[in-house]
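The analysis underlying the following values was restricted to heavy atoms, covering all of them including side chains, and did not include hydrogens, waters or symmetry mates. Note that this is a predicted model, so its numbers are computed, not measured.
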Amino acid sequence: MQYKEIGPAIYQYDFPENLAQDLINLFETDDRVEWDKSAIGHGHKDQEIRTSQEFAFEHHMPITAGRVKDIFIPCVDHYCEKHDLNITQDEGFNLLKYEGGHSKYDFHADASWTMYRVLSALIYLNPQEYEGGETYFKHFDLSVHPEKPAVVLFPSNYAYLHSAKPVIKGKKYIFVTWANDLPPGMSYQILRNIAMSVGM
């Protein structure tokens, strides 16, 4: 497995270029792919903080998502060995599209009192085909823009506050998902409901 640590607890793994290209061809030709404005938090879309488009890839294309997971799961297993984590579930892959000239996502953390997440994942499908669009980690002054398709894993907590910088030219395709270490069968939404019930 080819990987490198590109920042504190930020790991980058190779992703097959042929699979990445097959996926992009699918997304650009398949009628099942219906784009919607990306949301923030718990479904808020009426905002300019995040201006990408999204498609619930794993929900609508579970068999194709299985091909991605065949690559993704060994990366997560390796990361967990390095950092003593026990990931038990993820939220499923969303596909994001950032169009040149305006698409971005301002600074945010992936976890909060109402979103229990311990590991964040990005899968860059075509980083060589667009300009801009870096993932910038504020507290580490680190910009991530792989030279070829890659999986990037990092902790979800506030220390890893990050943004998706605007795509200047071209079109950026990227998968996102988030994982946790809750007991199997326990939904992360249960913790959200508890947190909200006590006013957090």
Q: Would you indicate whether the side-chain heavy atoms of L153 and V76 approach each other to under 4.5 Å?
A: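 Yes, their side chains come closer than 4.5 Å.
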Q: Show the nearest heavy-atom pair for residues T177 and E91, with the distance to one decimal.
A: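 Minimum heavy-atom separation between T177 and E91: OG1-N, 3.6 Å.
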Q: Within the distance-only criterion (no hydrogens, no angle test), does the side chain of E58 pair as donor or acceptor with the backbone N or O of F93 below 3.5 angstrom?
A: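 Here the side-chain-to-backbone pair exists.
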Q: How long is the straight-line distance from CZ of F137 back to CD1 of I10, given to the nearest 0.5 Å?
A: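 Going from CD1 on I10 over to CZ on F137, the span is 4.0 Å.
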Q: Side-chain donor-acceptor contacts of residues 11-20 below 3.5 Å, not counting sequence neighbours, with atom names and distances?
A:
residue: Y13; atom: OH; partner: C75; partner atom: O; Å: 3.4
residue: Y13; atom: OH; partner: H78; partner atom: ND1; Å: 2.8
residue: Y13; atom: OH; partner: Y79; partner atom: N; Å: 3.4

Q: Between atom OG of S103 and atom OH of Y130, what is the distance when rounded to the nearest 0.5 Å?
A: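 S103 OG to Y130 OH: 12.0 Å, rounded to 0.5 Å.
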Q: Going through the checks in order, is the side-chain contact (heavy atoms from CB on, under 4.5 Å) test met by E99 and Q53?
A: CA-CA 9 Å; E99 303 262 17; Q53 294 178 290; 3.9 Å; yes
Q: Treat each ILVMFWY residue as a node, draw an edge where side-chain heavy atoms are under 4.5 Å apart, and state whether I40 and L122 are in one component.
A: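 Linked, I40 and L122 end up in one cluster.
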Q: For the residue pair H108 and H162, establish whether any side-chain heavy-atom pair is separated by less than 4.5 Å.
A: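 Yes; the side chains approach each other to less than 4.5 Å.
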Q: Counting only heavy atoms not in E34, do more than 12 sit closer than 6.0 Å to its CD atom?
A: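 For E34, atom CD is not crowded (no more than 12 foreign heavy atoms under 6.0 Å).
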Q: State plainly whether one hydrophobic cluster holds both I123 and Y3, where clusters connect Ile, Leu, Val, Met, Phe, Trp and Tyr through side-chain heavy atoms under 4.5 angstrom apart.
A: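 Yes, because I123 and Y3 connect within a single hydrophobic cluster, where side-chain heavy atoms sit under 4.5 Å apart.
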Q: Does H59 use its side chain to pair, donor to acceptor, with the backbone of F57 at less than 3.5 Å?
A: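 Side chain of H59 to backbone of F57, a donor-acceptor pair under 3.5 Å: no, none is there.
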Q: For the residue pair Y124 / T135, report whether a side-chain donor-acceptor contact shorter than 3.5 Å exists.
A: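 Per modelled atom types, T135 and Y124 side chains form a pair under 3.5 Å.
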Q: Is it possible for you to say whether I24 and I71 belong to one hydrophobic cluster, with membership spreading through side-chain heavy-atom contacts below 4.5 Å?
A: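 Yes, it is one cluster - the side chains of I24 and I71 are joined through contacts under 4.5 Å.
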Q: Could you tell me which residues satisfy salt bridge (Lys or Arg N to Asp or Glu O under 4.0 Å) with K104, sequence neighbours excluded, listed by chain and number?
A: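 Counting only residues at least two positions away or on another chain, K104 forms a salt bridge (Lys or Arg N to Asp or Glu O under 4.0 Å) with D106.
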Q: With a cut-off of 6.0 Å (strictly less than), are more than 12 heavy atoms of other residues, nucleotides or ligands near OH of Y158?
A: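 Atom OH in Y158 is not packed in, count stays at 12 or less.
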Q: Nearest 0.5 Å please: distance from the SG atom of C80 over to the CG atom of D181.
A: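 Interatomic distance, C80 SG to D181 CG, rounded to 0.5 Å: 9.0 Å.
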Q: Output, in order, the C-alpha distance, side-chain angles, deciding distance and verdict of side-chain contact (heavy atoms from CB on, under 4.5 Å) for L182 and Q89.
A: CA-CA 7 Å; L182 294 173; Q89 54 186 304; 3.6 Å; yes
Q: Are the side chain of S52 and the backbone N or O of K97 linked by a donor-acceptor pair below 3.5 Å?
A: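 Judged by distance alone, no pair lies under 3.5 Å.
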Q: Which word best sums up how the rings of H60 and F55 line up, parallel for under 30°, tilted for 30 to 60°, or perpendicular for over 60°?
A: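 Ring orientation of H60 relative to F55: parallel.
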Q: Of the non-hydrogen atoms in K172 and A164, which two are nearest, and what is the gap between them?
A: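 Smallest interatomic distance, heavy atoms only, reads NZ-CB, 4.3 Å.
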Q: So do L95 and W35 actually touch side chain to side chain, heavy atoms under 4.5 Å?
A: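 Heavy-atom side-chain distance check passes, below 4.5 Å.
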Q: Mind listing the side-chain donor-acceptor pairs of residues 139-152 below 3.5 Å, one per line with the distance, residues two or more places apart or on another chain?
A:
residue: D141; atom: OD1; partner: Y136; partner atom: OH; Å: 2.6
residue: H145; atom: ND1; partner: G132; partner atom: O; Å: 3.2
residue: H145; atom: NE2; partner: P127; partner atom: O; Å: 2.7

Q: So do F154 and D110 actually touch side chain to side chain, heavy atoms under 4.5 Å?
A: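 D110 reaches F154 side chain to side chain.
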Q: Output the distance between atom CG (D90) and atom OG (S120), rounded to the nearest 0.5 Å.
A: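 The distance works out to 11.5 Å.
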Q: Does a side-chain heavy-atom distance below 4.5 Å link L96 with R50?
A: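 Yes, close enough: below the 4.5 Å cut-off.
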Q: Closest heavy-atom contact between R117 and A111?
A: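 Closest approach of R117 to A111, heavy atoms only: O-CB, 3.5 Å.
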Q: On a heavy-atom basis, which atom in T64 and which in L26 lie closest, and how many Å separate them?
A: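 Here T64 and L26 meet closest at CG2-CD2, 4.0 Å.
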Q: Return the CZ to CG distance between F27 and N126, rounded to the nearest 0.5 Å.
A: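 Taking CZ in F27 and CG in N126, the distance rounds to 10.5 Å.
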Q: Enter the distance from N94:CG to I174:CD1 here, rounded to the nearest 0.5 Å.
A: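 It is 12.0 Å, given to the nearest 0.5 Å.
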Q: Kindly indicate, with the supporting measurements, whether the criterion side-chain contact (heavy atoms from CB on, under 4.5 Å) is fulfilled by N180 and I87.
A: CA-CA 6 Å; N180 61 57; I87 294 301; 6.0 Å; no
Q: Check step by step if side-chain contact (heavy atoms from CB on, under 4.5 Å) holds for Y173 and E28.
A: CA-CA 11 Å; Y173 287 107; E28 293 185 339; 3.1 Å; yes
Q: Hey, are the side chains of R67 and F72 touching, using non-hydrogen atoms and a 4.5 Å cut-off?
A: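 Not touching, per the 4.5 Å side-chain cut-off.
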